[in-house]
Amino acid sequence: MAMAMAVAVVRALKAGRSGISRFSTFSALSPPPPAEAPPNAEPDTNLFVSGLSKRTTSEGLREAFAKFGEVISAKVVTDRVSGYSKGFGFVRYATLEDAAKGIEGMDGKFLDGWVIFAEYARSRPTTPPPPPPPPSEGPSGHQT
DNA sequence: GCTGAGCGG
């Protein structure tokens with residue numbers, strides 16, 4: 001019973017997050033609203049986990065998601081100056097199927113007393129290396 | 001110690 005209620009809460013939260021109402025006013029001079037806004041993101045090994053508790057750490061995230069797949073990397077985003085958790089983190093799985101299982105297995109579930117949300121992150125494939133500067137001139141000691 | 005939507009480095 002309690003679990004069913006939790007699922008309803010989760011659905012309500014996720015529905016409200018979109019902020020899109022089906023009762024849109026259709027007018028000729030109004031911008032045509034999209035038929036539907038799929039919260040689905042493109043599959044990736046990077047997962048964006050939100051709704052985390054302030055006490056949840058990267059280790060808690062890894063252990064929580066490691067039950068559904070091989071977690072390559074897990075990190076909870078914390079503030080630079082306060083050092084406190086921002087309430088969300090990122091989990092990277094070994095494969096896309098593990099990532100999907102992680103979402104299906106942890107999205108809308110309870111972690112540390114809070115309902116967490118797991119979805120595909122927009123993040124970049126890996127640590128962004130600094131772009132190499134363009135070569136100014138040829139070999140030094142000789143230029144025309 | 002903590003605010004509770006969002007996307008780190």
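Below, read A as the first sequence line, B as the second, and so on, with proteins coming before strands; counting in each chain starts at 1.
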Peer 1: Could you list the donor-acceptor pairs under 3.5 angstrom formed by side chains in residues 81-91 of chain A, with sequence neighbours left out?
Peer 2:
residue, atom, partner, partner atom, Å
A/S82, OG, A/D79, OD2, 3.2
A/S82, OG, A/Y84, N, 3.3
A/S85, OG, A/K54, O, 3.2

Peer 1: Among B/dC7, B/dC2, B/dG4, which is the nearest nucleotide to the side chain of A/F48?
Peer 2: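 Comparing B/dC7, B/dC2, B/dG4 against the side chain of A/F48, the answer is B/dC7.
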Peer 1: Between atom CG in A/N46 and atom P in B/dG8, what is the gap in whole Å?
Peer 2: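 These atoms are roughly 12 Å apart.
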Peer 1: Would you kindly give the NZ-to-P distance between A/K86 and B/dT3, to the nearest whole Å?
Peer 2: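 Going from A/K86 (NZ) to B/dT3 (P), I get 16 Å.
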Peer 1: Rounding to a whole Å, what distance do you find between A/L52:CG and B/dG6:P?
Peer 2: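 Those two atoms, CG and P, are 16 Å apart.
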Peer 1: Please classify the nucleic acid contact of A/G89 as base, sugar-phosphate, or nothing, using heavy-atom distances under 4.0 Å.
Peer 2: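 The answer is nothing, as A/G89 stays clear of every strand by at least 4.0 Å.
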Peer 1: Figure out the CD1/P separation between A/I72 and B/dG8, and round it to whole Å.
Peer 2: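 Result: 22 Å.
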Peer 1: Quick one: list whatever passes side-chain hydrogen bond (donor to acceptor under 3.5 Å, both in side chains) with A/K101, sequence neighbours left out.
Peer 2: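 side-chain hydrogen bond (donor to acceptor under 3.5 Å, both in side chains) list for A/K101, sorted by chain: A/D98.
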Peer 1: In whole angstrom, what separates A/F88's CZ from B/dA5's P?
Peer 2: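 My rounded result for the distance is 13 Å.
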Peer 1: A/F68: which residues meet the ring-ring contact (aromatic ring centres under 6.0 Å, His included) condition with it, sequence neighbours left out?
Peer 2: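 By the ring-ring contact (aromatic ring centres under 6.0 Å, His included) rule, A/F68 matches no residue at all.
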Peer 1: Under a single-linkage definition using a 4.5 Å side-chain heavy-atom cutoff for Ile, Leu, Val, Met, Phe, Trp and Tyr, are A/L111 and A/V71 assigned to the same hydrophobic cluster?
Peer 2: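 Yes, A/L111 and A/V71 fall within the same hydrophobic cluster.
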Peer 1: Less than 4.5 Å apart, any side-chain heavy atom of A/T45 and any of A/T95?
Peer 2: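 A side-chain contact is absent here, since even the closest heavy-atom pair is not under 4.5 Å.
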Peer 1: Nearest-Å distance, OH (A/Y84) to P (B/dG1)?
Peer 2: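 Between P of B/dG1 and OH of A/Y84: 6 Å.
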Peer 1: Looking at CG of A/D44 and CD of A/E119, how far apart are the two atoms once the value is rounded to the nearest 0.5 Å?
Peer 2: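 Rounded to the nearest 0.5 Å, the CG-CD separation comes out at 12.5 Å.
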Peer 1: Reading DNA chain B 5' to 3', how would its secondary structure be written in dot-bracket notation, given Watson-Crick and G-U pairs with both distances under 3.5 Å, brackets [ ] for crossing pairs and | for partners on other strands?
Peer 2: .........
Peer 1: Among B/dC7, B/dG4, B/dG6, which nucleotide has an atom closest to any side-chain atom of A/W114?
Peer 2: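 Of B/dC7, B/dG4, B/dG6, B/dG4 is nearest to the side chain of A/W114.
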Peer 1: Could you grab the distance from atom OH of A/Y93 to atom CD1 of A/I103, nearest 0.5 Å is fine?
Peer 2: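 These two atoms lie 8.5 Å from each other.
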Peer 1: In whole angstrom, give the distance that lies between atom CZ of A/R92 and atom P of B/dG9.
Peer 2: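 After rounding, the reported distance stands at 15 Å.
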Peer 1: With sequence neighbours excluded, what pairs up with A/S58 under the side-chain hydrogen bond (donor to acceptor under 3.5 Å, both in side chains) test?
Peer 2: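 So A/S58 forms no side-chain hydrogen bond (donor to acceptor under 3.5 Å, both in side chains) with any residue.
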Peer 1: Return the residues of residues 54-63 of chain A meeting this criterion: a heavy atom under 4.0 Å from some atom of DNA chain B. Order them by number, or give none.
Peer 2: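 Listed by number, they are A/K54.
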Peer 1: Suppose the criterion is side chain to side chain donor-acceptor pair (under 3.5 Å): which pairs have a residue in residues 67-76 of chain A, not counting sequence neighbours?
Peer 2: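 Found none.
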Peer 1: At what distance, to the nearest 0.5 angstrom, does OG1 of A/T56 lie from CG of A/L61?
Peer 2: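 Interatomic distance, A/T56 OG1 to A/L61 CG, rounded to 0.5 Å: 7.0 Å.
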Peer 1: If I take atom NZ from residue A/K109 and atom CZ from residue A/F65, how far apart are they, to the nearest 0.5 angstrom?
Peer 2: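 Answer rounded to 0.5 Å: 10.0 Å.
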Peer 1: In whole angstroms, how far is the P atom of B/dC7 from the CD1 atom of A/I103?
Peer 2: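 In whole Å, B/dC7 P lies 17 Å from A/I103 CD1.
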Peer 1: Among residues 74-81 of chain A, which residues get a heavy atom nearer than 4.0 Å to DNA chain B?
Peer 2: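 Residues of residues 74-81 of chain A that come under 4.0 Å of DNA chain B are, in numerical order, A/K75, A/V77, A/R80.
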Peer 1: Using heavy atoms to find the nearest nucleotide of DNA chain B for A/V91 and A/S82 separately, return the residue whose nucleotide is more 5′.
Peer 2: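 First, find each residue's nearest nucleotide; the 5'-ward one identifies A/S82.
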Peer 1: I'd like to check the side-chain hydrogen bond (donor to acceptor under 3.5 Å, both in side chains) partners of A/T78; sequence neighbours left out, ordered by chain and number.
Peer 2: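 A/T78: no side-chain hydrogen bond (donor to acceptor under 3.5 Å, both in side chains) contacts found.
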